[in-house]
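All values below come from the heavy atoms of this structure, side chains included, with hydrogens, waters and symmetry mates left out.
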Amino acid sequence: MQEEIVIIGAGQAGAQLAHSLRQGGFEGPLRLIGDEPHPPYQRPPLSKKYLSGDVGAEGLWLRPPAFFETNQIDHIPNTKAVSIDRAAKRVHLENGDTLAYGKLVLATGTNARTLPLKGADKTGVVTLRSIADVDAIRDGLSSSSGIAIIGAGYIGLEVAAVAKAMGKSVSVIEAQDRPMKRVVSQAVSDYFTRLHRDKGIDLRLETGIESIEGDETVTGVKLSNGDIVSAELVLIAVGAEPNDHLAAETGLEVDNGVLVDGSGQTSDPNIYAVGDCTRFYSNRYQRSVRMESVQNAIDQAKAAAQSLLGEDIDYDPVPWFWSDQYDIKLQIAGLSEGYDETIVVGSPADHKFYVAYLNKRKLIAVDSINFPRSHMLARRVIGETWREGLLPDA
């Protein structure tokens, strides 16, 4: 009889792993533990179509509930794993139960990062990570005239676009000198700065925050220059942190993510990890990386499943990401960190262009704005030396 596999985390990576194990012929007991009451679901639409109401909760589900029963995947919802006994190979749950495992997989994802701001505990201050979070944001928007968003990354700008389309007053406050600075070039930041300001967003760059104002309920955000941005709802959207505390507490190696090799194996040969919570070495980029993306969650889970089924795997993907803001689609292929040259092809004024990122003339990433053909081709040629015709003309 095959050893039992327990998966902690019922998000995109955990659900994909369970599916891939069954597809690959694993017939042993398979348990999938999730800390939310829902079936495994997609998170990217949360800040877009789910927030706008274009998609309901069932439209987010990765698989219908019957799928798990049919494939004998024991999905255990609304349950938290609180500790791991590596010697006994048991997982302890918050409800007092324990589960034995032959192999354990951590697919614990991330938490929304918070800020140590005075007033951050007031009613009306929210983060965005789950269906419950977005339900609270939607309820807050329905009863308020405006929202202040702290952070001009993907989530902050996506929510800003949806809230503006709802007719709300929207302010976005960013400490950096340009939006999405961590992941895109000046040209792309400039484009999205103009886009949001043209739509009527009050986008404040290089702006610090002193406190969140109000008694029990938020009434606004006090900036470091003394100005008050009025708002009945405040979204803190300053990135995510890996859920690696369970791994750390049990003695696994972590470094801003659970450290895994190319097969997904941690420092304990009986424990694997997949998805947003992991950090691994990329031979392609010659450095350790942690990626928060659907692509990584799916592909790393597939690789770990192959390894658990006895195959030799060395996972080293070309990463890709996307963001929808208004009717603009930003698609990113590769990782641009470390670029020493950019090439802009097309016209930002026409809302269709791409930016190629080079390091020593080698293509390392491409940001495509309303230019899907350049994105799809980029995913095939990342790593090649830049030359005329490598990617399409505008």
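- In terms of modelled atom types and a separation under 3.5 Å, the side chain of Asp139 and the main chain of Ala136 share no donor-acceptor contact.
- If you take CD on Gln72 and CZ on Phe26, they are separated by 11.0 Å, rounding to the nearest 0.5 Å.
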For this session: Could you check Met180 against Tyr154 for side chain to side chain contact (heavy atoms under 4.5 Å, CB included), going step by step and ending with a plain yes or no?
Result: CA-CA 7 Å; Met180 298 185 290; Tyr154 295 138; 3.7 Å; yes
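- Side-chain N or O atoms of Tyr285 include one that pairs as donor or acceptor with a backbone N or O of Ile364 at under 3.5 Å.
- Closest of all the heavy-atom pairs between Val229 and Ala148 is CG1-CB, 4.3 Å.
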Problem set entry | Lys222/Glu210 under salt bridge (charged side-chain N to carboxylate O under 4.0 Å, His left out): CA gap, chis, key distance, verdict | CA-CA 6 Å; Lys222 185 175 183 180; Glu210 184 173 318; 3.5 Å; yes
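- With a 4.5 Å cut-off on side-chain heavy atoms, Tyr41 and Ser130 count as touching.
- Pairing each heavy atom of Val238 with each of Gly151, the nearest pair is CG1-CA, 4.3 Å.
- Hydrophobic clustering places Val159 together with Leu233 (ILVMFWY residues linked when any side-chain heavy atoms are closer than 4.5 Å, directly or through intermediates).
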For this session: Quick one: do Ile73 and Phe67 satisfy side chain to side chain contact (heavy atoms under 4.5 Å, CB included)? Show the steps, please.
Result: CA-CA 8 Å; Ile73 298 168; Phe67 168 85; 4.0 Å; yes
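- Summarising the geometry, atom CZ belonging to Arg287 is positioned 10.5 Å from atom CZ belonging to Phe280; distances are rounded to the nearest 0.5 Å.
- Ala15 and Leu62 get closest at one heavy-atom pair: CB-CD1, 4.0 Å.
- Annotation for Asp133 and Thr127: closest pair CB-O, 3.3 Å, computed over non-hydrogen atoms.
- Judged by distance alone, with hydrogens and angles left aside, the side-chain atoms of Arg197 form a donor-acceptor pair with the main-chain N or O of Leu203 at under 3.5 Å.
- Side chain of Tyr339 to main chain of Ser185: no donor-acceptor pair is present (N/O by atom type, distance under 3.5 Å, no hydrogens or angles).
- Just one residue in the list Arg113, Arg129, Arg290 forms a salt bridge (charged side-chain N to carboxylate O under 4.0 Å, His left out) with Glu241, and that residue is Arg113.
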For this session: Check the pair Arg90, Asp85 against salt bridge (charged side-chain N to carboxylate O under 4.0 Å, His left out), reporting the backbone distance first and the verdict last.
Result: CA-CA 5 Å; Arg90 299 191 74 86; Asp85 184 338; over 6 Å; no
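- Asp35 and Lys80 are not joined by a salt bridge, as no carboxylate oxygen comes within less than 4.0 angstrom of a charged side-chain nitrogen.
- Looking at Asn370 and Lys329, their side chains never bring a donor and an acceptor atom within 3.5 Å of each other.
- Taking the six-membered ring where tryptophan is involved, the planes of Phe68 and His75 are tilted, since the angle between them lies from 30° to 60°.
- Interatomic distance, His351 NE2 to Tyr191 OH, rounded to the nearest 0.5 Å: 4.5 Å.
- No option in Asp350, Val345, Val344 other than Asp350 meets the side chain to side chain contact (heavy atoms under 4.5 Å, CB included) test with Ser347.
- Heavy atoms from other residues, nucleotides or ligands lying under 6.0 Å from CG of Asn283 number more than 12.
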For this session: Begin with the C-alpha distance, continue with both residues' side-chain angles, and end with the deciding distance and a verdict on side-chain hydrogen bond (donor to acceptor under 3.5 Å, both in side chains) for Gln300 and Thr278.
Result: CA-CA 10 Å; Gln300 193 178 34; Thr278 67; 3.0 Å; yes
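- For Thr193, there are no side chain to side chain donor-acceptor pair (under 3.5 Å) partners, not counting sequence neighbours.
- Asp261 contributes a side-chain N or O that, together with a main-chain N or O of Ser263, makes up a donor-acceptor pair within less than 3.5 Å.
- For the pair Asp367 (side chain) and Leu330 (backbone), a donor-acceptor distance under 3.5 Å is absent.
- Between Leu308 and Leu17, the closest side-chain pair of non-hydrogen atoms falls below 4.5 Å.
- For the pair Leu51/Lys49, no side-chain contact is recorded, criterion being any heavy-atom separation below 4.5 Å from C-beta on.
- Interatomic distance, Leu157 CG to Leu195 CG, rounded to the nearest 0.5 Å: 9.0 Å.
- Each of Arg22, Gln16, Gln23 was checked for a side chain to side chain donor-acceptor pair (under 3.5 Å) with Ser20, and the lone residue meeting it is Gln16.
- The aromatic rings of His196 and Tyr326 lie tilted to each other, with the angle between the two planes from 30° to 60°.
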Exercise. Where do Val366 and Val381 land on the side chain to side chain contact (heavy atoms under 4.5 Å, CB included) test, with the steps shown first?
Worked result: CA-CA 10 Å; Val366 176; Val381 299; over 6 Å; no
For this session: Apply salt bridge (charged side-chain N to carboxylate O under 4.0 Å, His left out) to the pair Arg86 and Asp268, showing each step before the final yes or no.
Result: CA-CA 8 Å; Arg86 289 167 55 193; Asp268 182 327; 2.8 Å; yes
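- One hydrophobic cluster holds both Leu390 and Val355 under the rule that ILVMFWY side chains link at heavy-atom gaps under 4.5 Å.
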Problem set entry | Residues Glu341, Arg361; criterion salt bridge (charged side-chain N to carboxylate O under 4.0 Å, His left out); working and verdict | CA-CA 8 Å; Glu341 183 181 357; Arg361 298 299 292 173; 2.8 Å; yes
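- A distance-only check finds no donor-acceptor pair linking the side chain of Lys103 to the backbone of Tyr272 [under 3.5 Å].
- A donor-acceptor contact under 3.5 angstrom links the side chains of Glu158 and Ser47, judged on distance only.
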Problem set entry | Asn296/Tyr315 under side chain to side chain contact (heavy atoms under 4.5 Å, CB included): CA gap, chis, key distance, verdict | CA-CA 10 Å; Asn296 181 60; Tyr315 177 66; 2.8 Å; yes
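- In the hydrophobic clustering of ILVMFWY residues, with side-chain heavy atoms under 4.5 Å counting as a link, Ile343 and Leu335 come out together.
- In the hydrophobic clustering (ILVMFWY side chains linked at under 4.5 Å, chained through shared members), Leu93 is joined by Val6, Ile8, Ile33, Ile76, Ile84, Val91, Leu99, Tyr101, Leu104, Leu106, Leu246, Leu252, Ile271.
- Connection of Val183 to Phe321 is established within a shared hydrophobic cluster, with ILVMFWY side chains joined at heavy-atom distances below 4.5 Å, either directly or through further cluster members.
- Between the CG atom in Leu358 and the OG1 atom in Thr342 there is a gap of 8.0 Å [rounded to 0.5 Å].
- Under a 3.5 Å cut-off, the side chain of Glu174 and the backbone N or O of Ala152 do form a donor-acceptor pair.
- Geometrically, Arg43 does not engage Tyr50 in a cation-pi contact, judged by NZ or CZ lying under 6.0 Å from the ring centre and within 45° of the ring axis.
- At least one donor-acceptor pair closer than 3.5 Å links the side chain of Ser267 to the backbone N or O of Glu253.
- Taking each heavy atom of Ala333 and Ala378 in turn, the nearest pair found is CB-CB, 4.1 Å.
- Taking each heavy atom of Pro319 and Met291 in turn, the nearest pair found is CB-SD, 3.1 Å.
- A donor-acceptor contact shorter than 3.5 Å links the side chain of Ser189 to the backbone of Pro179.
- Note that the CG atom of Asp215 and the OG1 atom of Thr123 stand 11.0 Å from one another [nearest 0.5 Å].
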